[in-house]
Amino acid sequence: MIKGIKGVKDLLPEETPRWRFIEETARRWADRYGFHEIRIPIFEVTTLFARSIGASTDIVEKEMYTFQDRDGTSLTLRPEGTAGTVRAYIEHNRGAVPVPQKYFYFGPMFRHERPQAGRLRQFHQFGVESFGMADPRSDIEVIALLWRLLSDVGLQGLTLEINNLGYPADRDSYRPQLVTYLKQHESHLCSNCQRRIEMNPLRILDCKVPECRALTEQAPRLADSLSEAPRAYSAAVLRGLDLIRIPYSLNHRLVRGLDYYNLTTFEVTAMNLGAQNAVGAGGRYDGLVETLSGPPTPAVGFAVGLERIAMLLADSAIRTSAAKAVVYIAAFGEQGSLAGLSALEDLRVCGISAVSDFRSSTLKAHLRQADRLGCSFTLIIGDDEVTKGTGILRNMVTKSQYDLPLAALPTAIQPLLTIS
RNA sequence: GUGGGUGUAGCUCAGUUGGUUAGAGCGCCGGAUUGUGGAUCCGGAGGUCGCGGGUUCGAAACCCGUCAUCCACCCCA
């Protein structure tokens with residue numbers, strides 16, 4: 001048996017309604033906030049991701065699905081959506097379009113990680129990118145969209161955490177301070193964090209080990225070494241969130257794993273999600289368009305993990321128009337089967353959804369299937385009905401039955417269907 | 001990449017200190033109802049016990065390997 005690839009899941013018909021519900025509400029909210037859908041390719045040249053995400057990040061160093069095209073160029077299955085969106089923005093000179101460029105996207109992303117609760121190798125994100133506005137209100141707008149859509153989907157126990165990373169220069173001046181402090185207390189750090197002092201000291205702030213947390217509580221804070229501009233910006237963002245009543249908590253430990261973020265960063269986490277508890281996260285990335293050889297362009301965005309939302313979503317929260325067929329055709333016998341075939345087609349062509357199970361050969365088996373499929377009506381057509389020229393329409397709830405002329409089925413059936 | 005848990009029927013799981021024919025519930029199919037669904041009763045089908053090797057008179061069980069899967073580390077959505 002050929003099996004699916006590790007960390008790559010099938011979404012069977014039983015679970016797609018839950019996904020459609022999530023996608024539909026995300027679309028609705030994106031629309032309300034003035035974001036428009038963009039569809040970008042699933043693979044790009046490798047250097048796009050290396051340059052945007054950061055060559056020394058885990059994603060680029062060891063998690064990308066990279067392969068050679070036939071002419072030898074290195075291509076990569078997208079590990080996230082921002083890089084491709086920015087590339088498209090630059091390539092099509094969208095900065096020249098006079099209206100704000102605010103995009104949203106859906107789609108699969110690929111990262112070669114060990115699968116775990118809430119983490120797959122092919123996973124799906126909904127993301128948003130807002131280009132061209134260096135105004136705190138656009139950060140607020142994006143955060144509000146994230147919060148409202150997650151709330152509307154019906155998730156409980158969410159926390160929005162915010163931090164401000166300042167500009168790269170702020171971090172450059174902060175990092176040595178932090179490293180000096182950490183080295184003084186190196187022996188009290190977990191072995192992981194001892195290693196991280198050199199590799200990625202900011203990550204130590206986010207360590208879950210209690211000893212490390214206690215220690216970093218006393219550490220110098222990035223917020224204290226921010227210059228005037230980021231402080232003012234941060235204050236404006238928070239003031240705006242207060243104004244529109246988006247609940248948040250400050251988390252000076254929040255550092256993002258992708259290199260391109262600056263100023264505002266944020267993350268929404270959920271309980272009951274296991275170790276991978278981030279549902280959505282994002283931030284401002286004012287330098288990225290320029291790093292990818294575009295014009296200087298401020299930008300903010302976020303991405304949410306769709307399978308993580310799906311995990312959290314209670315069945316009761318799913319509101320979707322169930323796509324159940326209305327009429328079941330119970331056709332049996334030699335003549336009945338043929339008459340049933342044309343009845344099916346007649347109804348479908350007239351816009352009535354109709355189904356049958358061609359394996360069933362007895363009326364009993366047909367009715368059982370009609371029941372399972374949740375059809376409200378069954379049209380019974382056996383050889384007897386064919387000779388009479390009438391089918392029997394059975395209301396599966398009231399059990400009342402009517403004779404209908406097979407020759408004019410759609411017009412005869414229509415009023416009976418709408419009554420119930 | 002590292003660590004731990006779990007692999008028995010379509011699904012969820014039992015299976016005694018190793019013992020002869022591997023079970024249950026649910027589901028499925030059929031009958032009671034020769035053409036009327038859901039409930040009930042009766043009957044039936046369905047298993048290379050993940051795979052390979054080893055120990056043993058005898059292995060679903062013990063040992064080794066391997067694969068799959070889940071969880072955690074790392075990292076991230």
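Values below: all heavy atoms of this structure, side chains included; hydrogens, waters and symmetry mates excluded. Convention: sequence-line order gives letters A, B, ...; per-chain numbering from 1. Just so you know, these numbers come straight off a predicted model, no measurement behind them.
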Might you list the N or O atoms of the protein lying below 3.5 Å from N or O atoms in nucleotides 26-28 of chain B, with each pair's distance?
unit_1 : atom_1 : unit_2 : atom_2 : d
B:rC28 : OP1    : A:R372 : NE     : 3.2
B:rC28 : OP1    : A:R372 : NH2    : 2.7

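Counting only N and O atoms by type, the side chains of A:Q218 and A:Y181 include no donor and acceptor under 3.5 Å apart. When only modelled atom types and interatomic distance are considered, A:T264 and A:D139 share a side-chain donor-acceptor pair under 3.5 Å. For A:D242 and A:Y248, the side-chain atoms include at least one donor-acceptor pair closer than 3.5 Å. Inspection of the A:R51 and A:S293 side chains reveals an N or O donor paired with an N or O acceptor under 3.5 Å. A:S52 and A:R87 share no side-chain donor-acceptor pair at under 3.5 Å.
Just one of A:R94, A:H92, A:H36 meets the side chain to side chain donor-acceptor pair (under 3.5 Å) condition when paired with A:Q101; it is A:R94. Partner A:E141 forms a salt bridge (charged side-chain N to carboxylate O under 4.0 Å, His left out) with one of A:R32, A:R148, A:K102 and no other, that one being A:K102.
Comparing A:A117 and A:Q125 by the nucleotide of RNA chain B whose heavy atom lies nearest to each, the residue mapping closer to the 5' end is A:A117.
The same atom, P, is picked in B:rG30 and in B:rC73; the two are 50 Å apart, to the nearest Å. B:rA59 and B:rG4 are spaced 29 Å apart, taking the P atom of each and rounding to whole Å. B:rA24 and B:rG1 have their C1' atoms separated by 42 Å, with the value rounded to a whole Å.
Atom OG1 of A:T25 sits about 5.5 Å away from atom CG of A:L149, to the nearest 0.5 Å. Remark: A:L120 CG to A:R111 CZ distance equals 12.0 Å, nearest 0.5 Å.
For the OP1/OP2 pair of B:rC74 and a distance below 4.0 Å, the side-chain nitrogens and oxygens of A:R119 include no atom meeting the criterion. The phosphate of B:rC70 (OP1 or OP2) has a side-chain N or O of A:K9 nearer than 4.0 angstrom.
Judged by distance alone, the side chain of A:R348 and the main-chain N or O of A:A354 form a donor-acceptor pair under 3.5 Å.
Of the residues in residues 146-162 of chain A, none lies under 4.0 Å from RNA chain B by heavy-atom distance. For RNA chain B, the residues of residues 279-288 of chain A within the heavy-atom distance limit of 4.0 Å (strictly under) are A:V279, A:G280, A:A281, sorted by number. For RNA chain B, the neighbouring residues in residues 102-116 of chain A, judged by any heavy atom under 4.0 Å, are A:R111, A:E113, A:R114, A:Q116.
With rounding to whole Å, A:E80 atom CD is found 11 Å from B:rA77 atom C1'. Rounded to a whole Å, the NZ atom of A:K3 is 13 Å from the P atom of B:rG50.
Using a cut-off of 4.0 Å between Lys/Arg side-chain N and Asp/Glu carboxylate O, A:E37 and A:R27 are scored as salt-bridged.
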For a quick check, with a 4.0 angstrom heavy-atom cut-off, what is the B/S/- contact string for nucleotides 30-49 of chain B, read 5' to 3'?
S--B-BBBB-----------
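Taking a pair as Watson-Crick or G-U with both hydrogen-bonding distances under 3.5 Å, the stems of three or more pairs touching RNA chain B are B:1-7 with B:67-73, B:10-13 with B:23-26, B:28-32 with B:40-44, B:50-54 with B:62-66.
Proximity of the aromatic rings of A:F104 and A:F35 is defined here by a centroid distance below 6.0 angstrom, and this criterion is not met.
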